[in-house]
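Start at 1 and go down the list; that is how both ligands and their atoms are numbered.
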Amino acid sequence: MTVNAPVAPASLDLMSLEAVSDPHGYFAQLRESQPVYWDPRYRSWLITSHRHVAEALRDPRFSSDRIEPYIRKKLSGPDTDPLVRQAFEVLSGWMVFKEEPDHTRLRRLCMQAFTPQSIAKLRARAESLTAELLDAVRTPGEFDLIASVAAPLPSIVIAEMLGVPVEDRLDFEQWTAKVSPLVSTGLDDPTRYGSVAEGMASLVAYFGQLFKRYTEQPEDNLITALLRAREQDDALSEAELMATCTLMLFGGHETTANFIANGVLALLRHPAQLAAMREDRVDIKLALEEFMRYDGPGKTVVRVAREDFEFEGQHIRQGQRLFLILSVANRDPLAFEDAEQLKLDRPQSRHVGFGFGTHFCLGAPLARLEAGIAIPAIVKRWPDLALAPGPLQWLPFLGTRGMRELRLRTG
Ligand code: HEM
């Protein structure tokens, strides 16, 4: 792997090729010298050490609610495109952007679907789906692992969980793809809103139809369960129902695709551990946590300061934004021995790849289930699997660490 020369803070460019392709190397010096750093260019704090990221994640003075203030500040004028406003209003109902008491209420309503028992029921389906997707890959030759296996697996599983009928899947995926840059980047870029807003409007209209359908004819799926919750003591408003369905969709989709792809990439770059995985000499539970720590798909989460206060010797002002860079915290040598090395048998990792504290990823058991099935199945399927020649293209997103495609070859 290429490791960039450490960068002096004055020249930080979060979307540069270097930062996007190797965030671990790019931010290493900053993490050591100024783990809580005010970046004048982004007018945000960059938090990069494990200790500080973990502290910020559990500190209630940092708020997750950043969408409603944004709507009030930037999207309330008469010139605002109503579709753009609608897209942000849906987002503002996501539990991940909510605070007490709404956050707890929304999280509790969804928790049932993500208990270990509920997730275990999906195992057989996830296994057969993985096998089908692998069978459909045309080899020998070259193929894109993301398009053929890593992306469709979580996308089909979450669509089935929600109750999206098979015949609607293609439309559904196209709308989702349009909205995804909004969810993944984290930086303000109004140019991307047009297509995002269109995609969200289509999803909202489509989910509206599904709500009607499952109100009239309930089935065994997440939408029906949420509709029932809405009927019982008014626990969920129509807007929250819409928000929760779209959150499940985005939460459960690209992140897990990148988890699988980044994990396979890590193995292909570490032949001894690849061999151990193929020969079942690996404890998959530990290995999954190490894939998350080493190069997990959750790169950054954002918080906003609720009040003025001192944090690690720095004066944080109310309303200031913080980027908590999870990927860089997960390679902090003060928190992990041999932090730069992939060690699939690393015991009890305290990585922050799924976040930490009240907003800890609700879908983590599902992501682990899918990646725990897919990663071993992919590397076992082709004993000569290798990276195809050519550079990897990392997505220029702040929130997500993922590749545009992962071209592999066999034969
Ligand atoms: C490897 C895959 C995944 C990664 C890396 C990931 C990462 C994260 C992170 C970092 C957070 C915390 C955000 C914050 O604190 O602001 C989060 C929250 C969340 N994730 Fe995931 N996630 C993944 C998969 C999933 C899946 C499969 C689902 C559901 C289908 C899901 C649903 C959620 C939800 C609902 C929340 C909000 C929880 C709350 O606010 O209480 N995630 N995820």
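A salt bridge links Lys380 to Asp280: one of the charged nitrogens lies within less than 4.0 Å of a carboxylate oxygen. A salt bridge links Glu99 with Arg306; the closest basic N to acidic carboxylate O contact falls under 4.0 Å. Salt-bridge formation is not detected for the pair Lys285/Glu289: no Lys NZ or Arg NE/NH1/NH2 atom is positioned less than 4.0 Å from an Asp or Glu carboxylate oxygen.
With ring centers used as reference points, Tyr206 lies under 6.0 Å from Trp175. Phe336 and His50 have their aromatic ring centers within a separation under 6.0 angstrom. Ring centroids of Tyr294 and His270 are separated by less than 6.0 Å, placing the two rings close together. Ring centroids of Phe143 and Trp382 are separated by less than 6.0 Å, placing the two rings close together.
The part of Met292 lying near ligand 1 is the side chain, judged by heavy-atom distances below 4.0 Å. Of the heavy atoms in Trp94, none comes closer than 4.0 Å to ligand 1. At a heavy-atom distance under 4.0 Å, only side-chain atoms of Ile158, from C-beta outward, approach ligand 1. At a 4.0 Å heavy-atom cut-off, ligand 1 does not touch Glu370 at all. Contacts between Leu326 and ligand 1, counted as non-hydrogen atom pairs separated by less than 4.0 Å, involve the side chain only.
With ligand atoms numbered from 1 in the order given, ligand 1 contributes 1 (C) to contacts under 4.0 Å with heavy atoms of Phe259. Taking every non-hydrogen atom of Thr358 and a distance limit under 4.0 Å, the qualifying atoms of ligand 1 come out as 41 (O). Atom numbering of ligand 1 starts at 1 in the shown order; those under 4.0 Å from a heavy atom of Val301 are 10 (C), 13 (C), 14 (C), 16 (O). For ligand 1, the atoms lying closer than 4.0 Å to a non-hydrogen atom of Gly298 are 5 (C). Annotation for ligand 1: atoms under 4.0 Å from non-hydrogen atoms of Gly355 are 10 (C). Within ligand 1, the atoms closer than 4.0 Å to a non-hydrogen atom of Phe114 are 29 (C), 30 (C), numbered from 1 in the order shown.
A 6.0 Å sphere centred on CG of Asp135 holds more than 12 heavy atoms belonging to other residues, nucleotides or ligands. Within a 6.0 Å radius of CD in Glu337, no more than 12 heavy atoms belonging to other residues, nucleotides or ligands are found.
In this structure, Phe97 does not count as a contact residue of ligand 1, since none of its heavy atoms falls inside 4.0 Å of the ligand. Heavy-atom distances between His103 and ligand 1 reach below 4.0 Å in at least one pair. Note on ligand 1: Ser64 sits outside its first shell, no heavy atom being nearer than 4.0 Å.
With contacts defined as side-chain heavy-atom distances shorter than 4.5 Å, the pair Gln314/Tyr37 does not qualify.
The residue among Arg303, Met248, His359 with a heavy atom at the shortest distance from atom 16 (O) of ligand 1 is Arg303.
Below 30°, between 30° and 60°, or above 60°: for Phe172 and Phe207 the angle between ring planes is above 60°, a perpendicular geometry. Taking the six-membered ring where the residue is Trp, His103 and His359 present tilted rings, their angle falling between 30° and 60°.
In this structure, Arg401 and Pro23 approach most closely via the heavy-atom pair NH1-CD, 3.2 Å.
Nearest non-hydrogen protein atom to atom 7 (C) of ligand 1 is Gly353 O, 3.9 Å. Leu247 CD2, 3.7 Å is the protein heavy atom nearest to atom 35 (C) of ligand 1. With respect to atom 38 (C) of ligand 1, the closest heavy atom belonging to the protein is Arg107 NH1, 3.4 Å. For atom 27 (C) of ligand 1, the closest non-hydrogen atom of the protein is Gly252 CA, 3.4 Å. In terms of protein heavy atoms, atom 32 (C) of ligand 1 is closest to Gly363 N, 3.7 Å. From the protein, the heavy atom lying nearest to atom 36 (C) of ligand 1 is Leu362 N, 4.0 Å. Atom 21 (Fe) of ligand 1 has as its closest protein heavy atom Cys361 SG, 2.3 Å. When hydrogens are left out, the protein atom nearest atom 11 (C) of ligand 1 is Phe354 O, 3.8 Å; that is the closest non-hydrogen contact.
In this structure, Tyr70 OH and Asp65 CG are separated by 14.5 Å, a value rounded to the nearest 0.5 Å.
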